[in-house]
Amino acid sequence: MARTAGDDDDDGPPPAYAAQRGPRRDPRLKDLGISCMLNTEVAALLAVIRRRPDPYSYLPPAVAAAEEATFTGLISSLKTLRGLLFQPRHGAWRCSDPSTYLTPFLDVVQSEEAPAAATGVALSSVLKVLRIDVFDECSPGARDAMHAILTALTNCRMERFSDAGAEEAVLLRVLQVLAALLRARAAPLLSDSSVCTAVNTCFQIVQHAASSRGSELLQRTARHCMHEILQAVFARLPDIRDDADADSDLALGGGSSGAGFGARCMVDVFNFLCSLLLNASDVVITPDGQGAFTSEEDVMLFSLVLVNSAVELGGEAIGKHAKLLHLIQDDLFYHLIHYASEYSPLVLSMICSTALNLYHFLRRFLKLQLEAFFMFVLLRVCGGANGPQLQEVAVEGLISFIRQPTFVIEMYVNYDCDPLLRNVFEEIGKLLCKAAFPAAGPMTAVQLQAFEGLVNMITTIADNVEVDKAPDHDAYAVDVSEFRLFWTERWDSSSFSGGGAGAERETWVDFVRKRKLRKRKVAIAANHYNRDQKKGVEFLKLCHLVPTPPEPRSMAYFLRYSPGLDKNKIGEFLGDPDEFNLKVLKEFTETFDFTGAILDTALRTYLETFRLPGESQKIQRILEAFSERFFEQQTTGVFATKDAAFILCYSLIMLNTDLHNPQVKKKMSEEDFIRNNRAINDKKDLPREYLSELFHSISSNAITVFSTTAASVEMTPSRWADLVKRSRAMDHFTPCDFKHKLSREVFIAISGPTVATLAAIFDWADDEETLNQCVEGLVSVARIARYGLEDVLDELLCCLCKFTTLLNPYATTEETLFTFSNELKPRMATLALFTIANRFGESVRGAWKNVVDCLLKLKRLKLLPPSVIDPEGGGGGGGRGSERPGHRHRASTSDAGVIFPTTHRGAGTSRHCQVGTIFKESGKLPDEALQNLGRALIFAAGGKGQKFSTPIEEEETVGFCWDLLALLASANLHRFATFWPPLLDCFNAVSQLPLFSPCPFAEKAIVALFRVAVRLLSAAAPPQRAVDTRVSEELVFKSINMMWKLDKEILDTCCESISESIVKLLTEHAAGVQTPLGWKTLLHLLTVTGRHPETFDQSVAAMLKIMSDGGAHVTRFNYAAVIEAAFGFAALKISPLDISTKILELMAESVNWLNQWHKSGYSDPGNSVGFSGSSASSSSASSVEDASRMGNLAANMFIKLAEALRKTSLVRREEIRCQAVFELGRAFNLAAAGDLDFGPAGCLACFNLVIFAMVDDLTEKTLEYSRREGAERETRSMEGTLAAAAELLADVFVLLLPTLAQAPGFRTFWLGVLRRMDTCMKCDLAAGGGAGVMQELVPRMLKRMIMEMKAKEVLVPREGDELWEITHIQIQWIAPAVKDELFPE
């Protein structure tokens, strides 16, 4: 093209092909680079082709021309390609036919004349083209180009290379090109057959490298290339359509459609890998140089690595392709199980990894295969049957499974809860416990691995069992109340009739739990059946495992699928001629599927489930049933009739006995066997080949017919074929997540061995890491056991208590402290113990005793801070002065933990266990746990299980127990009425203990109980809980009464603390005391403790406050107790006169309260909270009865007051006596003024119980003093009091005369008055210093009374009335001086 001047202008834009600045590159530059690359490769290849072996040697022209003519075609094609590379009309290389630039290079590769160097350069050129993606799947002719490259690689002949090094170099290039070919963007255009060819080519190079003793580099590269090819192939599997679409592609042209290769080639490749596993010995290098591997183990590893890669890349997509899945279900898993224990640990490790990958991606389709792998491989090898090396690898493999998030629950649900399968999870758990259990010597690697797996398993369960709110204990119960044929029952979500998705899941959980329960009961029934058939059947009916009466099918399933059932008993039952047994035999046989099986395999499968009975008729019946079933399901049509099958079965049994019975000397030959079975097939012979195959099968592998020994079961080909057949009819593996109730039951299956193993390891181990892991496992156990597994938690805590060394009865305090201070294990056990008790105390039951014992031991060792019972650092009554010097400052910042000695690592206070929180937050504990904790504290305080070295130690321990009990009660005031009664019963039980000492027990108890009472009465209760509050109050005061009655001396020894508590209650919380028992107890103890000078002032002040508050706290229910207490203080010797006088005045004034109550209808003015309910009614029942008998309730209470004043009139101090008489008279006047209605009976009672008794007692006491020598002063004093009492008699008589006269017994009453006047008149007190006061006083009083009687017309002469005459006669005897005045004639 002509150029113009403008083309050279410097100001013009740059050429279009110039590199542009920016992120995007001009595509033409890439095409130019490809052209340059191809040009370079062509030039290099031409140079190598033209190069002579010896460039300095002379060749004749003819020879040189002949050599050059050999490569003329190759050189010409290369030159042609060179001429096309830079043509401007050439478009993008991606849009060009790859054959244009690949053919010259591929011709060199396939040429038989090209030297090795040229072949290598040509292969390198092709490799570059593939790696830089010169073409892709959209390029025209890309499919043909890909196949051409593969064809060239397969047609590359290595025989022409004489130099081994050159040959190896070319092979390395071939491998590189093969790998690049399968990884190229156009690789999907390859057909299935092409992919198989590539794999085959690569494997041939692997074989060639090994057989020709190639370098290690070539062998490794070949194997690596094989790996890369498989990765490239199976990486495409997730993108391939399922089988239906793939089959349509194959129908269109065997994989030649646009979709490229598919699952078909992968099936072939996988089948090839499985065949390598099967025929490993065939590819091992032989002495003559054949083969590709040095050993069978090498073959296994090579195959397993490739299989593993295929599974990893194919993933879940494998399940979409039936043929590929069948290969894994059948061939692959059989080889994995068969070879796992026959080779080195490395092979077993690869097998475990492969099985784990299959579990990850395909477990839905491998239910029975995984069960077989666990039972026949992992569990057996882990048990040590194949040596310690394989055992270690197997345990590692098992732990890899356990680490999977849902493995544990899926194993339990799919196997342990399936009645047709083994308890895989339970077996795994027990095996780990057995493998981890310590033995003599240090723990081995296997034990440590098993221990790690066990802890991991328990932690996984614990992490998934926790819920925000635990259900009730009853919610865990599973009820099986109806018969269901659960062996064949399947979960069907459509059968659920209500609720949403959550309800469906819950129903599924219940379904699984019921299946597990039935399976567990079936195992129990099997045990009963083995002992006694009738008892076994009865148990089945009782548990609804079979209907009543039993039906054949359910019984058949029981015999067929029950684990542990005696096979001899099964055979005897099936062979019995009873009609029901025959039906069961038919149903039993129909549980087998013999479709496609040969006769001896089917017979083996059938006879493995039971043992043939010895009786020939029974054998015949069993074989007839089997033959009928086999004949119905035969697919080959070998047998014309079922009789033919029966005869041949019998013949096989006889052949088996003949060939394998050592007592038979002359063995049956094959010809004999064939001859014996002529014309049995509907008068025709069976195929000779068929009979011959049966003979050899029986000859090489005996059928177990009559043996009773339990030989280990091996995975034979026949058993595997049956397993594969069953797997196709069984439900798929169910992937599932943890559910709370299921997680709990998962743990129950292994709880016993787990706790025992963890405890044994903790006891055995010494290193800190193992101990920490053990504690982690034990805490995880507690996290699970808190949900209704109290017995497990108790066992766990008991083990930890033992490990603390605190409960060693043979160790002294110094030895225990030394061990606890210098060993890590006891401290870790202590922390774990109290941590578990604190976090999961709601589920602890009997173990509280051990926990309390450990706590008390720590207290004795001075290892508990005061904050355990007092958050502010001050101990309670039992803890004062018990801390060792130097400990208080370390505990001041603690949270009620455990103080570890400073002489060892870990010293100081542990804040993790939070000992005090157990009691302070005990309000969250359920009733049963709380009562158990309370019982443990009470019995510990009573000395049960305790060993004290000194009385001080005993006192401190008992006090600490009661401090904790008080803390416990204070934290549970809201339910005191429910949890305290059982503890109240414990007090009686403790008092009966052989070594019970009431002194410290009752002393510390009453102080602690008063603290509880203060807390109880100071707490404001809502109105709806008023009844509970009164019940709680009665309980606590009942406990206080019980304690001081155990040892009454404690009222003296503890008077200060008791008085302080009582005064606080009466002065600050009197309004909270709502029961008669509470008032009676408080006031009684107030008077008792007030007897001591040091407590008198505060006690009497409290008493005066109660009586002076205008009756604010005095009610008709506590009135008698108040009066009784007031009498106690008034009559007290140490009471000052003014105090006693004041009390007596208040007592008399209390009549005003009676008047108010009487007027208000017995409600309590000034006290809004009346006593009601059952407790108040029961407490006042006797008072109501007395009131009805004596007149009214007010009269009864007045009599209580009068009796108290009467008793006060008998004290030694004259002032108090006279004041009491005076106040008694004032009380009668107040009562009369207030219109307090005594009634005739009440008035008589006042005289009989009070006034008469007072006069009689004073008279007797005065006479007693008059007879004493030197008692003149006392006599005169008593005489004065007697005179006052006599005057009171007359005053009250006159006051109450109108009412008294109405009494039916007035005559008798009047005679009593006269008799006392006579006694007083005739008292001779002069000898004792008396002043003769009574002789002057009595006539005057008689005159006054009689005159009043006359005035009221009570004493008048009447017809038939003897009162006048009797009075007249008595006056003559008593005071004749006034006779004439009173009775004038």
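Values below: every heavy atom of this structure, side chains too, minus hydrogens, waters and symmetry copies.
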Which residues pass the ring pair (Phe, Tyr, Trp, His ring centres under 6.0 Å) test with [X], not counting sequence neighbours?
X       : value
Phe1037 : none
Trp1364 : Phe1383
Phe1247 : Phe1252, Phe1309

Rounded to the nearest 0.5 Å, what separation is found between the [atom1] atom of [X] and the [atom2] atom of [Y]?
X       : Y       : atom1 : atom2 : answer
Leu1314 : Ile1374 : CG    : CD1   : 5.0 Å
Phe1238 : Leu1236 : CZ    : CG    : 4.5 Å
Trp1310 : Gln1370 : CH2   : CD    : 10.0 Å
Ser1061 : Leu1086 : OG    : CG    : 11.5 Å
Thr1319 : Asp1256 : OG1   : CG    : 7.5 Å
Ile1139 : Ile1134 : CD1   : CD1   : 11.5 Å

Within the supplied structure, the quantity of interest is the number of heavy atoms (other residues, nucleotides, ligands) at a distance under 6.0 Å from [X] [atom1]; does it exceed 12?
X       : atom1 : answer
Glu1353 : CD    : no
Glu1260 : CD    : no
Glu1287 : CD    : yes

- Query: What do the steps show when you test Leu1083 against Ile1106 for side chain to side chain contact (heavy atoms under 4.5 Å, CB included), and what is the final call?
  - Reply: CA-CA 10 Å; Leu1083 294 171; Ile1106 292 174; 4.2 Å; yes
- Message: Check for me whether Lys1207 meets the cation-pi criterion with Phe1127, that is, NZ or CZ under 6.0 Å from the six-membered ring centre and within 45 degrees of the ring axis.
- Response: yes
Within the structure provided, determine whether [X] and [Y] are in side-chain contact (heavy-atom separation under 4.5 Å).
X       : Y       : answer
Met1345 : Leu1289 : yes
Leu1288 : Met1254 : yes
Thr1262 : Tyr1265 : no
Phe1117 : Trp1079 : no
Thr1087 : Arg1091 : no
His1368 : Gln1372 : yes
Leu1363 : Val1356 : no
Leu1154 : Tyr1119 : yes

Sidechain-backbone polar pair: [X] side chain, [Y] backbone, donor-acceptor under 3.5 Å:
X       : Y       : answer
Ser1140 : Leu1137 : no
Ser1018 : Arg1015 : yes
Arg1217 : Arg1212 : yes
Ser1135 : Ala1131 : no
Ser1032 : Ala977  : yes
Glu1279 : Val1333 : yes
Asn1152 : Glu1149 : yes
Arg1316 : Gly1312 : yes

- Can you check side chain to side chain donor-acceptor pair (under 3.5 Å) on Thr1075 and Glu1033, steps first, answer last? CA-CA 7 Å; Thr1075 61; Glu1033 181 184 327; 2.7 Å; yes
Do [X] and [Y] sit within salt-bridge range, that is, some charged N less than 4.0 Å from a carboxylate O?
X       : Y       : result
Arg1344 : Asp1291 : yes
Glu1264 : Arg1268 : yes
Arg1226 : Glu1223 : yes
Asp1257 : Arg1206 : yes
Lys1322 : Asp1318 : yes

- Message: Val1007 vs Arg1011, test: side chain to side chain contact (heavy atoms under 4.5 Å, CB included). Steps then yes/no.
- Response: CA-CA 7 Å; Val1007 174; Arg1011 291 208 304 271; 3.9 Å; yes
Looking only at heavy atoms, what is the nearest atom pair of [X] and [Y], with distance?
X       : Y       : result
Thr1089 : Ser1059 : OG1-CB, 3.8 Å
Cys1243 : Leu1300 : CB-CD2, 3.3 Å
Met1341 : Ala1286 : SD-O, 3.1 Å
Ala1130 : Arg1213 : O-NH2, 4.2 Å
Leu1230 : Asn1155 : O-ND2, 3.2 Å
Cys1320 : Gln1335 : O-NE2, 4.1 Å

- Trp1153 versus Thr1115, side-chain donor and acceptor atoms under 3.5 Å: no
- Task: Please step through side chain to side chain contact (heavy atoms under 4.5 Å, CB included) for the pair Lys1038 and Leu984, ending with a clear verdict.
- Result: CA-CA 9 Å; Lys1038 187 176 181 181; Leu984 199 59; 3.7 Å; yes
- Message: Checking side-chain contact (heavy atoms from CB on, under 4.5 Å) between Val1122 and each of Val1114, Leu1146, Leu1201, which is the one that passes?
- Response: Val1114
- Message: Under the criterion side chain to side chain contact (heavy atoms under 4.5 Å, CB included), I'd like the reasoning laid out for Ile1040 against Leu1085: C-alpha separation, chi angles, the key distance, then a yes or no.
- Response: CA-CA 10 Å; Ile1040 291 174; Leu1085 294 179; 3.8 Å; yes
